[in-house]
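A quick write-up on the structure given underneath.
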Amino acid sequence: MDIAIIGAGRVGSTLGRGLAAAGHTIHYARREPGPVPDRLAHERATAGSTEEVVGRSEVVLLATPWAAAEAAVSGVDFAGRALLDATNPIGPGMVLTHGHTDSGAEQVQRWAPTAKVVKVFNTTGMENMANPRYPTGASMMLACGDDADALATAVRLATDLGFDAHPFGALASARLLEPFAMVWIRLAMIHGHGRGFAFGMLRR
Ligand SMILES: NC(=O)c1ccc[n+]([C@@H]2O[C@H](COP(=O)([O-])OP(=O)(O)OC[C@H]3O[C@@H](n4cnc5c(N)ncnc54)[C@H](OP(=O)(O)O)[C@@H]3O)[C@@H](O)[C@H]2O)c1
């Protein structure tokens, strides 16, 4: 699958490398024209403007800082493509800017009305995106979105990366997934657990 990535930082490049290793082709959106920079160079990688890489792709991943998300997607013609939203709407003071009656994912959908937004990859750290496998099982990944095909694509790509991935309902369920991300962040950064742990689903 051809996948565009808007926001090729820690999350975007980590997911890009993992998805390329799983056989996908990655097209990185660059704010300045030029070839794929060395830090993003891996097998099956190209670079271009947002419009160029979206046009080459079947699926788009958004992994910018929240403060840059509106500028990154507004005015882009996604032409019905799935837009996988990995951002967390975190503002000053490390608090969510949306919640309970709205979510960052729903805001992204309003900024990008031509896309089929799916919330995914926001509930764990980039180390788990690089390697979701633990001795006791795979890190869980939940995805939610209103379009069934886009949601299935997100679950498939998360599974390709090695996650124990599950659909989690309509896009409004991001109102739960974004606070859930804050649980991981607080455990890692405030409660002393570090970044080497993941949420998993235990089953009988
Ligand atoms: N870090 C994590 O473990 C983690 C886990 C889950 C979710 N998230 C979420 O994922 C998102 C990205 O986090 P990150 O840690 O990867 O951040 P990061 O390392 O700072 O990377 C952000 C990237 O976004 C790019 N960018 C900024 N403004 C842009 C614009 N207007 N258009 C296109 N690209 C733009 C930057 O480009 P330049 O390189 O050109 O500056 C940079 O490559 C955040 O919303 C975060 O909350 C992070």
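All figures in this text were calculated on a predicted structure; none of them were measured in a lab. For ligands, and for the atoms within them, numbers begin at 1 and follow the listed sequence. No hydrogens, no waters, no symmetry mates; every other heavy atom, side chains included, goes into these values.
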Quick one: side chains of residues 196-204, donor-acceptor pairs under 3.5 Å with protein atoms, not counting sequence neighbours, listed by atom name and distance.
| unit_1 | atom_1 | unit_2 | atom_2 | d |
| --- | --- | --- | --- | --- |
| Arg203 | NH2 | Asp164 | OD2 | 3.1 |
| Arg203 | NH2 | His166 | NE2 | 3.1 |

Donor-acceptor pairs under 3.5 angstrom involving side-chain atoms of residues 31-40: please list them, not counting sequence neighbours.
| unit_1 | atom_1 | unit_2 | atom_2 | d |
| --- | --- | --- | --- | --- |
| Arg39 | NH1 | Ala8 | O | 2.9 |
| Arg39 | NH2 | Ala8 | O | 2.9 |

**Request:** Just do the side chain to side chain contact (heavy atoms under 4.5 Å, CB included) check on Thr123 and Met141 with the steps written out, would you?
**Result:** CA-CA 7 Å; Thr123 52; Met141 182 52 62; 3.7 Å; yes
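No more than 12 heavy atoms of other residues, nucleotides or ligands sit less than 6.0 Å from atom CZ of Arg186.
For Arg81, the side-chain contact (heavy atoms from CB on, under 4.5 Å) test picks out Val54, Val60, Ala79, with sequence neighbours left out.
Proximity of the aromatic rings of His98 and Trp66 is defined here by a centroid distance below 6.0 angstrom, and this criterion is met.
In this structure, ligand 1 sits under 4.0 Å from heavy atoms belonging to Ile6, Gly7, Ala8, Gly9, Arg10, Val11, Arg31, Arg39, Ala63, Thr64, Pro65, Trp66, Ala68, Ala72, Ala86, Thr87, Asn88, Phe121, Asn122, Thr124, Gly125, Met126, Met129, Arg195.
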